[in-house]
Amino acid sequence: MKTALIALAAALAFSALPAAHAQETMQQIKVSGGLYVAPSQLAEYANAYRLSNGQLLRFTQSGNHFYTQVDNSRRVRIMPVANNEFVSEQGARIVFSQYGDEVGVSNFEKLPMAQILPANTMVVARR
């Protein structure tokens with residue numbers, strides 16, 4: 001299981017590298033709603049995850065929309081960019097493992113109520 005977390009963290013890190021320079025100049029990411037993820041697949045991810053920094057990250061579903069929330073902060077809509085990968089408009093990137101039991105978040109500091117963290121912070125969790 002530790003190997004899976006390391007692999008998930010590496011995948012997040014490598015997916016963030018090409019966008020690192022672009023994120024310095026852009027504050028928000030506009031994502032089109034073109035990718036469809038079935039509600040049954042979203043339901044697999046709807047859960048609470050204890051992050052490596054101690055905070056609680058929740059994922060909820062309302063119809064075909066998916067949301068995330070750190071601790072008791074306001075929830076933020078996230079949009080799919082792949083079957084297991086989502087982004088927020090603010091630039092946080094969330095990647096679930098194949099079975100949804102592990103999650104990694106890059107640019108975690110861009111989610112509301114995330115602890116004060118440096119840019120490009122990555123956290124991982126298991127449920």
Side-chain angles (χ1 to χ4, degrees):
M1 213 36 93
K2 186 176 180 180
T3 305
L5 279 174
I6 292 170
L8 182 62
L12 277 169
F14 289 125
S15 70
L17 285 177
H21 179 70
Q23 289 177 2
E24 292 175 1
T25 59
M26 293 175 37
Q27 291 299 320
Q28 291 192 333
I29 297 173
K30 296 297 179 191
V31 179
S32 66
L35 183 65
Y36 175 77
V37 177
S40 61
Q41 184 165 1
L42 292 178
E44 291 177 24
Y45 301 142
N47 216 316
Y49 298 80
R50 181 65 61 186
L51 296 171
S52 54
N53 69 357
Q55 290 186 288
L56 189 65
L57 185 64
R58 289 183 179 88
F59 295 94
T60 56
Q61 177 183 358
S62 179
N64 290 338
H65 296 176
F66 204 46
Y67 299 88
T68 190
Q69 172 176 17
V70 178
D71 292 328
N72 292 319
S73 68
R74 70 177 174 83
R75 69 181 189 165
V76 174
R77 185 171 174 204
I78 54 176
M79 286 69 62
V81 293
N83 283 336
N84 67 330
E85 189 172 340
F86 299 80
V87 296
S88 72
E89 285 188 358
Q90 296 77 22
R93 180 172 299 274
I94 299 151
V95 179
F96 289 92
S97 66
Q98 180 179 0
Y99 301 107
D101 57 341
E102 298 171 345
V103 64
V105 182
S106 59
N107 295 321
F108 177 71
E109 74 282 356
K110 295 182 179 184
L111 291 176
M113 293 301 291
Q115 295 174 349
I116 305 296
L117 299 166
N120 303 316
T121 296
M122 184 178 3
V123 294
V124 294
R126 294 181 61 201
R127 53 176 163 166

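Positions are given from 1 along the sequence.
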CG/N84 to CZ/F96 distance, rounded to the nearest 0.5 angstrom?
-> 9.0 Å

By side chain to side chain donor-acceptor pair (under 3.5 Å) - contacts of N64 (at least two apart) | none

Could you walk me through whether I94 and V103 pass the side-chain contact (heavy atoms from CB on, under 4.5 Å) test, one step at a time?
-> CA-CA 7 Å; I94 299 151; V103 64; 3.5 Å; yes

Hey, does the side chain of E102 reach the backbone of G104 with a donor-acceptor pair shorter than 3.5 angstrom?
-> no

Distance in Å, M79 CE paired with E85 CD, rounded so as to fall on 0.5 Å steps | 12.5 Å

Do F108 and V76 share a hydrophobic cluster, counting only Ile, Leu, Val, Met, Phe, Trp and Tyr and linking them when any side-chain heavy atoms are less than 4.5 Å apart?
-> no

So how far is it from L111 CG to D71 CG, rounded to the nearest 0.5 Å?
-> 11.0 Å

side-chain contact (heavy atoms from CB on, under 4.5 Å) partners for S73, two or more places apart | Q69, V70, P112, M113

Check side-chain contact (heavy atoms from CB on, under 4.5 Å) between A46 and all other residues, then give those that pass, not counting sequence neighbours.
-> F66

Considering residues at least two apart in sequence or located in another chain, which fulfil the side chain to side chain donor-acceptor pair (under 3.5 Å) criterion with Y45?
-> Q41

Results of side-chain contact (heavy atoms from CB on, under 4.5 Å) for A48 - residues two or more places apart only = L56, R58

What is the distance from atom CZ of R75 to atom OG of S62, rounded to the nearest 0.5 Å?
-> 5.5 Å

